[in-house]
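See structure below.
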Amino acid sequence: MSQGSSQRPHRVAVIVDEGTNPFEVGVATELFGLPRPELGLPGPLYEVTLCAPAPEIRMNHGFFTLTGVRGLDGVAEADTLVVPGRPDNVVPRGPDVLDAIRRAHARGARIVSFCTGTFALAEAGLLDGRRAATHWRWADSFRRLHPKVLLEPDVLFVDEGGLLTAAGSAAALDLGLYIWRRDHGAEIANHVSRRLVFAAHRDGGQRQFVERPVPQVRDASLAPLLAWAQERLGDPLSVADLAARARVSPATLHRRFRAQLGTTPLAWLTSERVTLACRLIERGEERLDVVAARSGLGSAANLRARLRQATGLSPSAYRRRFGSGGGEALVS
């Protein structure tokens with residue numbers, strides 16, 4: 001894994017502050033705190049500790065009060081610190097919470113915010129001059145309070161190395177699976193996503209879903225089409241082929257993808273092919289042209305470009321990090 005020691009689980013601390021949204025705390029514990037026997041590993045890859053600045057923490061809207069969790073001293077042991085959001089973003093976080101975030105960052109822990117948790121990272125001074133994401137509804141407020149941060153209001157999440165910010169509650173799941181993928185590769189991340197019954201990979205650059213009227217149309221689920229296409233990624237599938245399979249025009253298919261997945265058919269198809277290429281590399285395939293052909297990416301040059309765009313790594317570097325067959329370079 002990319003963070004922490006391979007001899008012990010990667011330690012994740014989650015700061016639960018006054019007014020924290022329960023959903024995002026649940027996302028963190030669901031992603032990183034549950035046993036995962038389906039992976040067939042000798043032990044857990046992550047362990048989660050909830051940390052709070054007070055013995056009793058009233059959650060968002062007073063839904064319930066959280067007790068019995070560790071104090072902020074637990075943050076000092078974390079390899080990754082998760083800061084969920086809360087609705088009262090114009091009210092500054094307590095100095096003890098901000099100090100815990102700053103100390104974790106200073107010693108090299110990975111800092112992750114979900115939804116409006118980005119406000120806390122900005123209050124702590126970690127985001128000045130850096131890109132960040134937060135929920136579109138609070139983008140204007142964020143800009144007024146933190147003008148030095150390079151806010152990207154339309155994306156799902158932003159990875160700035162040791163600082164990762166998700167745009168909303170559902171985008172927290174996208175970012176969490178991205179972290180699984182970055183730490184352990186696409187194969188394991190896909191296992192986790194299947195258990196969540198959630199899309200295995202939505203690129204962070206996809207646009208957020210903004211508030212809009214819900215069209216009153218018959219159910220037009222894309223699931224059967226997506227499953228059909230995933231079985232045929234190595235074939236020369238085009239957007240026209242997908243539209244023909246769905247028995248709609250390419251323009252209608254494009255609208256449905258935008259409405260249901262927040263992306264275009266071509267971008268989805270490319271993302272799925274890159275994911276398949278990653279899995280082939282992880283499983284030990286050394287021939288670059290074979291990976292490109294079986295994943296539907298066509299050429300080794302296109303594979304290199306797409307993989308670097310998606311992961312920041314060349315095929316050989318990806319294999320050294322995530323492959324099961326050692327650090328040998330891939331061959332064309």
Side-chain angles (χ1 to χ4, degrees), residues 14-28 53 57-63 81-102 104-105 110-176 178-179 202-215 255 257-264 267:
V14 182
I15 289 185
V16 186
D17 200 2
E18 190 76 15
T20 291
N21 292 326
F23 179 82
E24 289 145 27
V25 177
V27 168
I57 293 294
R58 184 174 178 268
M59 304 298 286
N60 183 17
H61 291 306
F63 287 135
L81 174 62
V82 176
V83 184
R86 64 180 193 183
D88 53 343
N89 300 302
V90 297
V91 178
R93 301 268 181 156
D96 48 355
V97 170
L98 297 179
D99 286 345
I101 294 171
R102 293 187 190 103
H105 180 254
R110 178 168 57 193
I111 311 297
V112 177
S113 70
F114 290 164
C115 194
T116 57
T118 312
F119 280 77
L121 272 58
E123 289 171 35
L126 305 188
L127 297 178
D128 287 355
R130 296 177 180 269
R131 297 180 305 122
T134 196
H135 195 288
W136 60 268
R137 184 177 178 184
W138 286 279
D140 290 341
S141 175
F142 187 93
R143 287 194 187 96
R144 287 194 300 270
L145 290 170
H146 307 291
K148 295 182 180 180
V149 180
L150 308 179
L151 183 67
E152 298 195 2
D154 293 329
V155 301
L156 294 177
F157 60 83
V158 169
D159 178 358
E160 280 281 277
L163 295 163
L164 298 93
T165 52
S169 296
L173 284 165
D174 291 299
L175 178 53
Y178 171 81
I179 290 170
R202 291 197 297 164
D203 186 85
Q206 292 184 29
R207 290 185 176 271
Q208 298 180 38
F209 291 99
V210 297
E211 192 171 350
R212 59 182 179 264
V214 178
R255 287 195 296 271
F257 266 74
R258 277 293 188 192
Q260 296 186 39
L261 299 180
T263 189
T264 66

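Heads up: numbering here begins at 1 and tracks the sequence. Side-chain atoms are counted along with the backbone in the values below, which use heavy atoms only and exclude waters and symmetry mates.
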Taking all non-hydrogen atoms of both residues, which atom of [X] and which atom of [Y] are closest, and how far apart?
X	Y	value
Leu150	Gly129	CD1-O, 3.6 Å
Ala120	Arg93	CB-NE, 3.5 Å
Leu127	Ala132	CD1-CB, 3.9 Å
Ala167	Ala171	N-CB, 3.8 Å

Handout entry: Residue pair Leu164, Ile111: steps toward the side chain to side chain contact (heavy atoms under 4.5 Å, CB included) verdict
Key = CA-CA 6 Å; Leu164 298 93; Ile111 311 297; over 6 Å; no
Do [X] and [Y] have side chains that get closer than 4.5 Å, going by heavy atoms?
X	Y	value
Phe142	Thr134	yes
Leu175	Leu156	no
Asp17	Pro53	yes

Practice task
Classify the ring geometry between His61 and Phe63 as parallel (under 30°), tilted (30 to 60°) or perpendicular (over 60°).
Solution key: perpendicular
Exercise for the section: Calculate, to the nearest 0.5 Å, the distance between atoms CD1 and OG belonging to Ile101 and Ser113 respectively. Expected result: 9.0 Å
Fill in the blank from the handout: To the nearest 0.5 Å, atom OG1 of Thr264 lies from atom CZ of Arg255 at 14.5 Å
All salt bridge (charged side-chain N to carboxylate O under 4.0 Å, His left out) counterparts of [X], not counting sequence neighbours:
X	result
Asp159	Arg182
Arg130	none
Arg131	Glu152, Glu160
Asp96	none

Quick one: list whatever passes side chain to side chain donor-acceptor pair (under 3.5 Å) with [X], sequence neighbours left out.
X	value
Asp128	none
Thr165	none
Thr116	Asn89

Exercise for the section: Verify side chain to side chain contact (heavy atoms under 4.5 Å, CB included) between Phe23 and Cys115, making sure each step is shown before the conclusion. Expected result: CA-CA 11 Å; Phe23 179 82; Cys115 194; over 6 Å; no
Practice task
Apply the test side chain to side chain contact (heavy atoms under 4.5 Å, CB included) to residues Leu121 and His105: give CA-CA distance (whole Å), side-chain angles for both, the deciding distance (0.1 Å), then the verdict.
Solution key: CA-CA 10 Å; Leu121 272 58; His105 180 254; over 6 Å; no
Just jot down the side chain to side chain contact (heavy atoms under 4.5 Å, CB included) partners of [X], sequence neighbours excluded, or say none.
X	value
Arg143	Ala139, Asp140, Leu151, Pro153
Pro87	Asn21, Asn60
Ala28	Val14, Val82, Phe114
Glu18	Ile57, Arg58

Exercise for the section: May I have the step-by-step check of side chain to side chain contact (heavy atoms under 4.5 Å, CB included) for Arg86 and Met59, ending in yes or no? Expected result: CA-CA 9 Å; Arg86 64 180 193 183; Met59 304 298 286; over 6 Å; no
Exercise for the section: Applying side-chain contact (heavy atoms from CB on, under 4.5 Å) between Glu123 and each of Val97, Leu98, Leu145, report the one that passes. Expected result: Leu98
